[in-house]
Amino acid sequence: MTPAVRAVHETITAITPLDELERAQLTEAANWVARTGDIFRRAKPATPGRHLVSYVVVVDPAGDAVFLVDHIKAGRWLPPGGHVEPGEHPAVTARREAEEELGVTADLGLHHDPLFLTITTTVGIDGGHEDVSLWYVLVADRSTEFVLDPGEFHCGRWWRLEEVAGADPARFDPHFPRFLTKLRRISDVTGSLRHPVRSAAEELPRSLS
(Lines give C-alpha, C1' and ligand atoms only; values in the text may rest on other atoms or scores of the structure.)
Protein backbone atom coordinates (compact mmCIF):
# COMPACT_ATOMS: atom_id res chain seq x y z
CA MET A 1 0.00 0.00 0.00
CA THR A 2 1.03 3.59 -0.55
CA PRO A 3 1.09 5.81 2.56
CA ALA A 4 -2.19 7.43 1.48
CA VAL A 5 -3.98 4.12 0.98
CA ARG A 6 -2.57 2.76 4.24
CA ALA A 7 -3.88 5.82 6.10
CA VAL A 8 -7.34 5.23 4.66
CA HIS A 9 -7.23 1.56 5.64
CA GLU A 10 -6.22 2.46 9.20
CA THR A 11 -9.00 5.04 9.38
CA ILE A 12 -11.64 2.54 8.25
CA THR A 13 -10.53 -0.26 10.56
CA ALA A 14 -10.60 2.09 13.58
CA ILE A 15 -14.35 2.77 13.24
CA THR A 16 -16.62 0.96 15.70
CA PRO A 17 -19.76 -0.21 13.86
CA LEU A 18 -23.24 0.88 14.84
CA ASP A 19 -25.00 -2.26 13.60
CA GLU A 20 -24.59 -5.32 11.40
CA LEU A 21 -24.97 -3.30 8.20
CA GLU A 22 -22.15 -0.96 9.13
CA ARG A 23 -20.05 -3.92 10.27
CA ALA A 24 -20.52 -5.55 6.85
CA GLN A 25 -19.78 -2.34 4.99
CA LEU A 26 -16.68 -1.64 7.10
CA THR A 27 -15.40 -5.13 6.26
CA GLU A 28 -16.14 -4.65 2.56
CA ALA A 29 -14.49 -1.22 2.53
CA ALA A 30 -11.37 -2.45 4.34
CA ASN A 31 -11.05 -5.39 1.93
CA TRP A 32 -11.56 -3.08 -1.04
CA VAL A 33 -8.79 -0.74 0.13
CA ALA A 34 -6.48 -3.68 0.83
CA ARG A 35 -6.89 -5.26 -2.61
CA THR A 36 -6.66 -2.14 -4.78
CA GLY A 37 -4.85 1.16 -4.56
CA ASP A 38 -7.36 2.69 -6.96
CA ILE A 39 -9.63 4.19 -4.31
CA PHE A 40 -9.55 7.87 -5.29
CA ARG A 41 -11.61 9.45 -8.07
CA ARG A 42 -9.30 10.05 -11.04
CA ALA A 43 -11.74 11.53 -13.56
CA LYS A 44 -15.19 13.09 -13.44
CA PRO A 45 -17.88 12.04 -13.00
CA ALA A 46 -17.12 8.52 -11.78
CA THR A 47 -13.77 6.95 -12.65
CA PRO A 48 -13.21 4.50 -11.04
CA GLY A 49 -16.79 3.38 -10.45
CA ARG A 50 -16.25 3.09 -6.68
CA HIS A 51 -14.30 5.79 -4.89
CA LEU A 52 -13.82 7.54 -1.58
CA VAL A 53 -15.88 10.48 -0.30
CA SER A 54 -15.77 12.57 2.88
CA TYR A 55 -19.01 13.96 4.31
CA VAL A 56 -18.97 16.86 6.77
CA VAL A 57 -21.99 16.75 9.07
CA VAL A 58 -22.31 20.08 10.87
CA VAL A 59 -23.80 19.41 14.30
CA ASP A 60 -25.08 21.79 16.96
CA PRO A 61 -25.21 19.57 20.07
CA ALA A 62 -26.85 22.27 22.19
CA GLY A 63 -29.62 22.79 19.65
CA ASP A 64 -30.02 19.12 18.79
CA ALA A 65 -29.73 20.05 15.11
CA VAL A 66 -27.73 19.39 11.96
CA PHE A 67 -27.02 21.66 9.00
CA LEU A 68 -27.80 20.15 5.59
CA VAL A 69 -27.63 21.48 2.05
CA ASP A 70 -30.11 21.03 -0.80
CA HIS A 71 -27.75 19.33 -3.26
CA ILE A 72 -28.40 20.26 -6.90
CA LYS A 73 -27.02 17.10 -8.56
CA ALA A 74 -28.31 14.58 -6.03
CA GLY A 75 -31.71 16.20 -5.53
CA ARG A 76 -31.54 15.49 -1.79
CA TRP A 77 -30.78 17.21 1.50
CA LEU A 78 -27.24 16.04 2.29
CA PRO A 79 -24.25 16.97 4.43
CA PRO A 80 -21.63 18.93 2.51
CA GLY A 81 -18.73 16.86 1.26
CA GLY A 82 -16.78 15.70 -1.72
CA HIS A 83 -14.38 13.28 -3.31
CA VAL A 84 -11.06 12.54 -1.67
CA GLU A 85 -8.28 13.66 -4.00
CA PRO A 86 -5.44 11.24 -4.83
CA GLY A 87 -2.95 11.23 -1.96
CA GLU A 88 -5.22 13.26 0.34
CA HIS A 89 -6.18 12.14 3.84
CA PRO A 90 -10.00 11.98 4.14
CA ALA A 91 -9.97 14.26 7.20
CA VAL A 92 -8.13 16.87 5.14
CA THR A 93 -10.81 16.44 2.48
CA ALA A 94 -13.43 17.14 5.13
CA ARG A 95 -11.61 20.29 6.20
CA ARG A 96 -11.22 21.42 2.59
CA GLU A 97 -14.86 20.79 1.75
CA ALA A 98 -16.01 22.75 4.79
CA GLU A 99 -13.97 25.69 3.60
CA GLU A 100 -14.99 25.43 -0.08
CA GLU A 101 -18.68 24.57 0.28
CA LEU A 102 -19.62 26.29 3.54
CA GLY A 103 -17.09 29.10 3.75
CA VAL A 104 -16.02 28.13 7.27
CA THR A 105 -12.65 27.23 8.73
CA ALA A 106 -12.93 23.79 10.31
CA ASP A 107 -9.77 24.01 12.44
CA LEU A 108 -11.40 23.87 15.86
CA GLY A 109 -14.62 21.93 15.48
CA LEU A 110 -13.80 19.13 13.04
CA HIS A 111 -13.38 15.72 14.63
CA HIS A 112 -10.18 14.01 13.50
CA ASP A 113 -11.78 10.57 13.11
CA PRO A 114 -14.94 9.73 11.13
CA LEU A 115 -17.94 8.59 13.11
CA PHE A 116 -19.57 6.48 10.41
CA LEU A 117 -18.96 4.69 7.10
CA THR A 118 -21.41 3.88 4.32
CA ILE A 119 -21.29 2.37 0.84
CA THR A 120 -24.00 3.87 -1.36
CA THR A 121 -25.02 3.79 -5.02
CA THR A 122 -25.51 7.43 -5.96
CA VAL A 123 -28.61 9.04 -7.45
CA GLY A 124 -29.30 12.17 -9.47
CA ILE A 125 -27.32 13.67 -12.33
CA ASP A 126 -24.15 11.71 -11.52
CA GLY A 127 -26.00 8.62 -10.28
CA GLY A 128 -24.96 5.02 -10.72
CA HIS A 129 -21.49 4.82 -9.16
CA GLU A 130 -20.60 3.81 -5.61
CA ASP A 131 -19.43 6.20 -2.92
CA VAL A 132 -17.53 4.82 0.05
CA SER A 133 -18.30 7.68 2.41
CA LEU A 134 -16.57 8.59 5.65
CA TRP A 135 -18.84 10.76 7.81
CA TYR A 136 -16.98 13.42 9.82
CA VAL A 137 -18.57 15.60 12.49
CA LEU A 138 -17.99 19.36 12.57
CA VAL A 139 -19.27 20.97 15.77
CA ALA A 140 -20.77 24.46 15.33
CA ASP A 141 -23.71 26.40 16.68
CA ARG A 142 -26.72 27.86 14.96
CA SER A 143 -25.24 31.34 14.97
CA THR A 144 -22.54 30.20 12.51
CA GLU A 145 -22.71 32.05 9.19
CA PHE A 146 -22.23 29.82 6.15
CA VAL A 147 -21.36 30.97 2.63
CA LEU A 148 -22.73 28.25 0.37
CA ASP A 149 -21.39 27.32 -3.04
CA PRO A 150 -24.25 28.25 -5.44
CA GLY A 151 -22.88 25.86 -8.05
CA GLU A 152 -23.43 22.92 -5.68
CA PHE A 153 -26.50 23.79 -3.59
CA HIS A 154 -29.89 25.43 -3.94
CA CYS A 155 -29.77 26.44 -0.27
CA GLY A 156 -28.98 25.15 3.21
CA ARG A 157 -30.76 25.04 6.55
CA TRP A 158 -30.62 23.68 10.08
CA TRP A 159 -32.75 20.60 10.68
CA ARG A 160 -33.80 19.67 14.18
CA LEU A 161 -33.39 15.94 14.71
CA GLU A 162 -37.11 15.56 15.40
CA GLU A 163 -37.83 17.20 12.02
CA VAL A 164 -35.63 14.67 10.21
CA ALA A 165 -37.42 11.83 11.99
CA GLY A 166 -40.79 13.14 10.78
CA ALA A 167 -39.76 13.89 7.18
CA ASP A 168 -39.86 11.69 4.08
CA PRO A 169 -36.66 9.58 4.28
CA ALA A 170 -36.28 9.81 0.48
CA ARG A 171 -35.31 13.46 0.95
CA PHE A 172 -32.01 12.45 2.60
CA ASP A 173 -29.09 10.11 2.16
CA PRO A 174 -30.57 6.65 2.75
CA HIS A 175 -28.17 6.04 5.66
CA PHE A 176 -28.75 9.41 7.33
CA PRO A 177 -31.22 8.18 10.00
CA ARG A 178 -28.69 5.51 11.01
CA PHE A 179 -25.98 8.16 11.24
CA LEU A 180 -28.19 10.20 13.57
CA THR A 181 -28.78 7.13 15.73
CA LYS A 182 -25.03 6.65 16.06
CA LEU A 183 -24.46 10.36 16.68
CA ARG A 184 -26.95 10.37 19.55
CA ARG A 185 -25.58 7.16 20.99
CA ILE A 186 -21.98 8.41 21.00
CA SER A 187 -23.00 11.79 22.40
CA ASP A 188 -25.09 10.26 25.18
CA VAL A 189 -22.32 7.87 26.22
CA THR A 190 -19.24 10.08 25.95
CA GLY A 191 -20.32 13.69 25.57
CA SER A 192 -17.42 13.93 23.13
CA LEU A 193 -19.17 15.90 20.42
CA ARG A 194 -18.62 19.23 22.11
CA HIS A 195 -14.86 18.84 22.40
CA PRO A 196 -13.01 16.94 19.66
CA VAL A 197 -10.11 14.96 21.08
CA ARG A 198 -7.92 15.96 18.16
CA SER A 199 -8.27 18.65 15.52
CA ALA A 200 -7.91 17.45 11.94
CA ALA A 201 -6.39 20.76 10.97
CA GLU A 202 -3.67 20.57 13.61
CA GLU A 203 -2.41 17.08 12.82
CA LEU A 204 -2.73 16.23 9.13
CA PRO A 205 -0.55 17.16 6.16
CA ARG A 206 -2.12 18.18 2.87
CA SER A 207 -0.81 15.08 1.06
CA LEU A 208 0.17 11.56 2.05
CA SER A 209 1.50 10.48 -1.34
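Just so it is clear, the model here is predicted, and its values are computed rather than measured. One-based numbering along the sequence shown. Just so it is clear, the values below take in all heavy atoms, side chains as well, and ignore hydrogens, waters and symmetry mates.
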Donor-acceptor under 3.5 Å (T121 side chain, E130 main chain):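 Between the backbone of E130 and the side chain of T121 there is no qualifying donor-acceptor contact (under 3.5 Å).
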
Would a distance-only check, ignoring hydrogens and angles, find a side-chain to backbone donor-acceptor pair under 3.5 Å from D131 to S133?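 No: the side chain of D131 does not pair with the backbone of S133.
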
Under the side-chain hydrogen bond (donor to acceptor under 3.5 Å, both in side chains) test, which residues partner N31, sequence neighbours left out?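 Expected list: none.
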
Could you pull out the closest heavy-atom pair between [X] and [Y], with the gap in Å?
| X | Y | value |
| --- | --- | --- |
| I12 | L117 | CG1-CD1, 3.9 Å |
| P61 | A140 | CD-O, 4.1 Å |
| V56 | A94 | CG2-O, 3.3 Å |
| T118 | F116 | CG2-CE2, 3.3 Å |
| G156 | L148 | N-CD1, 3.3 Å |
| A29 | I119 | N-CD1, 4.2 Å |

Mind checking the [atom1]-[atom2] spacing from [X] to [Y]? Nearest 0.5 Å is all I need.
| X | Y | atom1 | atom2 | result |
| --- | --- | --- | --- | --- |
| D70 | L78 | CG | CG | 8.5 Å |
| L134 | Y136 | CG | OH | 5.0 Å |
| T105 | L110 | OG1 | CG | 11.5 Å |
| L161 | D60 | CG | CG | 9.5 Å |
| H129 | H51 | NE2 | NE2 | 3.5 Å |
| T36 | W32 | OG1 | CH2 | 8.0 Å |

With side chains defined as the heavy atoms from C-beta onward, is the minimum distance between [X] and [Y] less than 4.5 Å?
| X | Y | answer |
| --- | --- | --- |
| V164 | P177 | no |
| E97 | S54 | no |
| V66 | F176 | yes |
| V69 | C155 | no |
| T120 | H175 | yes |
| L183 | V137 | yes |
| F40 | V5 | yes |

Is it the case that [X] and [Y] place a side-chain donor and acceptor less than 3.5 Å from each other?
| X | Y | value |
| --- | --- | --- |
| H111 | D113 | no |
| H83 | R41 | yes |
| S143 | D141 | yes |

Between W77 and V53, is there shared hydrophobic-cluster membership here, with clusters defined by ILVMFWY side-chain heavy atoms closer than 4.5 Å?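 No, W77 does not connect to V53 through the hydrophobic network.
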
With a 4.5 Å cut-off on side-chain heavy-atom distances among I, L, V, M, F, W and Y, is there a chain of contacts connecting L52 to M1?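 Both belong to a single hydrophobic cluster.
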
Steps toward salt bridge (charged side-chain N to carboxylate O under 4.0 Å, His left out) verdict (E101, R96): CA-CA 8 Å; E101 296 191 346; R96 175 173 56 77; over 6 Å; no

Please enumerate all residues that pass side chain to side chain contact (heavy atoms under 4.5 Å, CB included) together with [X], with sequence neighbours excluded.
| X | value |
| --- | --- |
| E10 | R6 |
| T181 | L18, R185 |
| P79 | Y55, V57, L68, W135 |

D173 vs F179, test: side chain to side chain contact (heavy atoms under 4.5 Å, CB included). Steps then yes/no. CA-CA 10 Å; D173 182 288; F179 168 81; over 6 Å; no

Please walk me through it: do V8 and I39 pass side chain to side chain contact (heavy atoms under 4.5 Å, CB included)? CA-CA 9 Å; V8 171; I39 64 174; 4.0 Å; yes

Begin with the C-alpha distance, continue with both residues' side-chain angles, and end with the deciding distance and a verdict on side chain to side chain contact (heavy atoms under 4.5 Å, CB included) for R50 and D38. CA-CA 9 Å; R50 172 188 279 187; D38 200 15; over 6 Å; no

Sequence neighbours excluded - side-chain hydrogen bond (donor to acceptor under 3.5 Å, both in side chains) pairs with any residue from residues 152-162: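 side-chain hydrogen bond (donor to acceptor under 3.5 Å, both in side chains) check on residues 152-162 returns R157-E163.
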
Show every side-chain hydrogen bond (donor to acceptor under 3.5 Å, both in side chains) that has at least one partner inside residues 13-25, sequence neighbours left out.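 Qualifying pairs, neighbours excluded: D19-R178, E20-R23, E22-K182.
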
